[in-house]
Structures are given as structure tokens and as C-alpha cells.
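Each residue takes its place number in the sequence, starting with 1. Treat the numbers as computed from the prediction; the structure is a model and nothing was measured.
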Amino acid sequence: MKEKYFKIIVILLFVFLTAVEIGIFLELLWHGWGGFGDVSMEYTEKGTLGSACLIGFIPVSVLVLFMMYIVKYLIKKWDKKQFFLNCIWPVLGIAIAIGGLFLVPQAPLYRLGRWIAAFFIDYFNWMKYPVP
């Protein structure tokens, strides 16, 4: 029974992390775009560093989770088949989040990531208008 709930929690965790990361990436990509005819903004030095940290934080945390999982594998001495079968659940969570972007692009998790990125960009003045 515990293993079944663990799988569900792992899938939901990776869906959450991936969806928030996609939202952050989309907002960082489109935040400075001025639309049709307006002047587009560009990132400052702080903005370049900050956006790199925002984009890199979640993938690094996902890699840390995978590393913790590998250590758990080594400690518990699972067989390789069991290990690879258990690696399917995080990959499934990531695939669900990526597929969900195409089905429901305005889902709350994506909007949360966009809100986080927009907050950091606006609050810390990571963008400015180009000087001609």
C-alpha cells in the first residue's frame, strides 16, 4: 500500500515541478516582448543572472531528487529491473506536465510559474528599454 502512494506522490511532484518550470520559462521568454509595433525590453545584467538562476533551479532540484533516488537504490540493493521500473514514475510525471501544456495551456500550475517569473522580473527590475 505504501509503494502505491509513493508512486502517486512522485508523479504529482514531478508534474508540479515541470509545470512550474514551463511557466517560468514561458514568462521569461515573453515578458519583454512589446507586441506588434512597441519597443521590446531587454534583460539587464542582474536580469540575465536572475533568469538563469530561475531557469536552472528546478532542473537542478530534479537532478538532486534523481540522485537521492539512486542513493536509495544503492542502499536498498534493488535489482536493476526494479530500479528502472521505478524510474518510469518521474518520467511519467514530466511527460504529463509537458503534454498538459498543449491540452490546457492556462492551467494554474503554469500560471503559477509565470507569476513567479513576472514577480521577480518586475520587483527586481530585471528588464529595461534599450537605449538607442
Side-chain angles (χ1 to χ4, degrees):
M1 186 64 87
K2 181 181 172 189
E3 186 69 25
K4 181 173 74 171
Y5 291 125
F6 178 74
K7 292 175 186 176
I8 293 171
I9 290 170
V10 166
I11 290 171
L12 291 176
L13 175 68
F14 278 87
V15 165
F16 176 78
L17 289 174
T18 305
V20 171
E21 178 65 23
I22 289 171
I24 288 171
F25 181 74
L26 289 174
E27 187 64 27
L28 289 174
L29 183 68
W30 291 106
H31 196 81
W33 188 55
F36 298 100
D38 291 339
V39 177
S40 297
M41 297 177 77
E42 45 186 51
Y43 285 98
T44 61
E45 283 186 37
K46 291 188 311 183
T48 303
L49 178 65
S51 62
C53 290
L54 267 180
I55 288 176
F57 176 74
I58 291 179
V60 167
S61 65
V62 167
L63 287 176
V64 167
L65 287 172
F66 267 125
M67 294 306 241
M68 289 171 44
Y69 195 71
I70 290 172
V71 168
K72 182 179 173 183
Y73 158 72
L74 293 173
I75 290 173
K76 289 197 173 192
K77 304 288 185 196
W78 287 337
D79 60 339
K80 290 180 182 174
K81 180 182 176 187
Q82 180 70 25
F83 174 71
F84 287 116
L85 286 175
N86 285 336
C87 283
I88 290 173
W89 307 120
V91 173
L92 180 65
I94 293 169
I96 289 171
I98 292 172
L101 174 67
F102 297 108
L103 296 175
V104 188
Q106 292 299 323
L109 289 178
Y110 303 115
R111 291 171 62 195
L112 174 66
R114 292 187 74 146
W115 178 83
I116 290 170
F119 171 77
F120 279 107
I121 291 169
D122 294 338
Y123 188 76
F124 293 112
N125 296 322
W126 284 357
M127 298 191 91
K128 65 176 180 173
Y129 285 104
V131 179

remark   = Output for pair (Ile55 CD1, Leu29 CG), nearest 0.5 Å, gives 8.5 Å

query = With under 30° as parallel and over 60° as perpendicular, where do the rings of Phe124 and Phe119 fit, or are they tilted in between?
reply = perpendicular

inquiry  = Taking ring pair (Phe, Tyr, Trp, His ring centres under 6.0 Å) as the definition, give me every residue that meets it alongside Phe25, ordered by chain and number, with sequence neighbours left out.
reply    = none

request  = Might you point out which heavy atoms bring Ala117 and Ile24 nearest each other, and give the distance in Å?
outcome  = CB-O, 3.9 Å

query = Are Val104 and Ile11 grouped together when hydrophobic residues (ILVMFWY) are joined by side-chain heavy atoms under 4.5 angstrom apart?
reply = no

Pairs involving residues 41-64, ordered by first then second residue, that meet side-chain hydrogen bond (donor to acceptor under 3.5 Å, both in side chains) (sequence neighbours left out) = none

query = Roughly how far apart are Leu13 CG and Ile9 CD1, rounded to 0.5 Å?
reply = 9.0 Å

query = Once you round to the nearest 0.5 Å, how far does NZ of Lys76 lie from NZ of Lys72?
reply = 4.5 Å

ask   = So do the side chains of Val91 and Ile94 get within less than 4.5 Å of each other, counting heavy atoms only?
value = no

ask   = With the 4.5 Å side-chain cut-off for hydrophobic clustering, are Ile22 and Phe102 part of the same group?
value = yes

request  = Scan for side-chain hydrogen bond (donor to acceptor under 3.5 Å, both in side chains) pairs involving residues 113-132, sequence neighbours excluded, and state none if there are none.
outcome  = Glu27-Arg114, His31-Asp122

ask   = Are Ile98 and Ile58 connected, step by step, through hydrophobic side chains (Ile, Leu, Val, Met, Phe, Trp, Tyr) whose heavy atoms are closer than 4.5 Å?
value = yes

request  = Would you check if Met67 and Val71 make a side-chain contact, meaning some heavy-atom pair closer than 4.5 Å?
outcome  = no

note = When every non-hydrogen atom of Val15 is compared with those of Gly93, the smallest separation belongs to CG2-O, 3.2 Å

task = Give, for atom CD1 of Ile121 and atom CG of Leu54, the distance between the pair rounded to the nearest 0.5 Å.
result = 7.5 Å

ask   = Should Leu65 and Phe57 be regarded as members of a common hydrophobic cluster, given that ILVMFWY residues are connected when their side-chain heavy atoms come within less than 4.5 Å of each other, either directly or indirectly?
value = yes

request  = State, with a plain yes or no, whether a side-chain heavy atom of Val39 is found less than 4.5 Å away from one of Pro130.
outcome  = yes

task = State, yes or no, whether a side-chain contact exists between Phe16 and Leu112 at a heavy-atom distance under 4.5 Å.
result = yes

inquiry  = If the condition is side chain to side chain contact (heavy atoms under 4.5 Å, CB included), which residues does Lys77 pass it with, not counting sequence neighbours?
reply    = none

remark   = salt bridge (Lys or Arg N to Asp or Glu O under 4.0 Å) pairs touching residues 11-24, sequence neighbours excluded, are none

ask   = Quick one: CG on Leu63 to CD1 on Ile70, what's the gap to the nearest 0.5 Å?
value = 9.5 Å

message = With rounding to the nearest 0.5 angstrom, report the CG to CG distance, Leu109 to Leu17.
response = 10.0 Å

inquiry  = Could you tell me if the side chain of Tyr110 sits less than 4.5 Å from the side chain of Val20, heavy atoms only?
reply    = no

query = If you take all heavy atoms of Tyr69 and Cys87, which pair is closest and at what distance?
reply = CE2-SG, 4.0 Å

Tyr73 atom OH, over 12 foreign heavy atoms within 6.0 Å = yes

task = For residues 7-17, pull every pair meeting salt bridge (Lys or Arg N to Asp or Glu O under 4.0 Å), keeping only residues two or more places apart or in separate chains.
result = none

